[in-house]
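Down below is the structure, laid out as structure tokens.
In listed order, ligands and their atoms are each counted from 1. The first residue of the sequence shown is numbered 1, and numbering continues consecutively from there. Just the heavy atoms: all of them, side chains too, but no hydrogens, waters or symmetry mates, feed the values below.
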Amino acid sequence: MQRRYFSSATVAAVLSIAGFQAQAQTKWDLAAAYPATNFHTENLSQLAADVDKASGGKLKITVHANASLFKANEIKRAVQGGQAPAGEVLLANFENENPVYGLDGVPFLAASYADSKRLYDAQKPALEKLLDRQGMKLLFSVPWPPQGIYAKKEINSVADLRGIKWRAYSPATAKIAELIGAQPVTIQAAELSQALATGVVESYMSSGSTGYDTKTYESIKYWYDTQAWLPKKCRVGQQKGF
Ligand code: PCA
């Protein structure tokens, strides 16, 4: 038997977005950006199982892992534009659209799970309004683990990072590259393993989780647990059906 994991409010929100009708069967494609074994993707599979159960098998959600449907930074636009009924969005990627999206990518503003939750509670009303204006409904949100620095060589001062090929996944991580004099390379997680193996990336900031997913330990030996911020993944669905 499948363990029930998501709150009934989240499951009800999904059913409501789907404009769920007891007689019709509905299928949703959910665009996800990380590997199937990543905990964010496992959460999404659990959501799909909970919704399947709560709808008596009438709403089927297929989770497309590892950016197989849309690239990580294209998922928001796909949900907004109606190409995908639902998807996961890394808020900090969209800082240039609105500073509300960038809040949890600000280094050391909220650097623990407790502070991250406090920031989320403060941010949520504005976030929901903003997503609503863009035609989306916030379903739930989960932080990535705290962000640290991976580096090919030992870092004793900022000068050690000068000129290094620095992978950026968001405007804030690109800004850090600029401030430390590194060479920014924008690469999403799904392409990171290859970029590390081919030397396109020599250093980056992310979580232990992404380091593990991308086998960063095979090419990079230094990890600095700076616990700088905890960027949130939000699951959004289209407003359609409300
Ligand atoms: N992993 C994602 C975003 C933050 C994280 O921990 C990534 O590196 O793309």
Side-chain angles (χ1 to χ4, degrees), residues 31-44 63-78 87-97 101-113 115-117 119-120 123 127 140-152 161 164-177 182 184-197 200-220 222-236:
Y34 302 95
T37 50
N38 180 276
F39 72 99
H40 286 294
T41 318
E42 287 179 352
N43 283 342
L44 293 172
V63 177
H64 298 268
N66 219 19
S68 55
L69 203 56
F70 292 98
K71 289 190 176 156
N73 53 351
E74 292 169 356
I75 293 175
K76 178 168 172 286
R77 184 151 297 280
E88 67 173 347
V89 170
L90 184 68
L91 294 176
N93 272 350
F94 301 96
E95 181 183 344
N96 292 341
E97 275 185 28
Y101 289 136
L103 278 178
D104 47 82
V106 177
F108 303 111
L109 176 65
S112 66
Y113 282 100
D115 284 354
S116 168
K117 172 75 170 71
L119 176 62
Y120 180 53
Q123 176 190 26
L127 183 59
F140 68 100
S141 176
V142 179
W144 280 98
Q147 307 287 289
I149 306 173
Y150 292 96
K152 216 160 190 151
L161 290 165
I164 207 165
K165 293 176 201 156
W166 175 272
R167 177 247 177 177
Y169 66 76
S170 62
T173 48
K175 177 80 181 171
I176 293 174
V185 201
T186 301
I187 303 230
Q188 298 304 329
E191 278 101 45
L192 186 52
S193 297
Q194 206 189 339
L196 288 163
V200 171
V201 168
E202 297 171 329
S203 182
Y204 70 100
M205 286 189 82
S206 190
S207 58
S209 173
T210 291
Y212 173 79
D213 286 346
T214 56
K215 296 194 170 64
T216 293
Y217 46 84
E218 288 182 356
S219 48
I220 284 185
Y222 294 93
W223 157 253
Y224 297 90
D225 191 12
T226 51
Q227 309 204 358
W229 69 91
L230 289 79
K232 287 188 291 291
K233 295 305 312 280
C234 284
R235 277 68 189 180
V236 291

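- Under a 4.0 Å heavy-atom criterion, Gln147 is in contact with ligand 1.
- In this structure, atom 1 (N) of ligand 1 lies nearest to the protein heavy atom Thr210 OG1, 2.6 Å.
- No hydrogens or angles considered: a donor-acceptor pair under 3.5 Å links the side chains of Tyr169 and Gln147.
- Neither side chain, Ser116 nor Asp104, offers a donor N or O lying under 3.5 Å from an acceptor on the other.
- In this structure, Tyr34 has a heavy atom closer than 4.0 Å to ligand 1.
- Taking the ring centre of Phe94 as origin, the terminal cationic atom of Lys76 falls inside the region bounded by 6.0 Å and 45° from the ring axis.
- Regarding atom 9 (O) of ligand 1, its nearest protein heavy-atom neighbour is Arg167 NH2, 2.8 Å.
- Atom CD of Glu97 has more than 12 heavy atoms from other residues, nucleotides or ligands within 6.0 Å.
- Atom numbering of ligand 1 starts at 1 in the shown order; those under 4.0 Å from a heavy atom of Pro231 are 4 (C).
- Ring orientation note: the planes of Tyr212 and Tyr217 are tilted relative to one another, at an angle of 30° to 60°.
- Between the side chain of Arg167 and the backbone N or O of Ile187 there is at least one donor-acceptor pair closer than 3.5 Å.
- Under a 4.0 Å criterion applied to the non-hydrogen atoms of Ala189, ligand 1 contributes the atoms 9 (O).
- The nearest heavy-atom contact from the protein to atom 6 (O) of ligand 1 is Ser207 OG, 2.6 Å.
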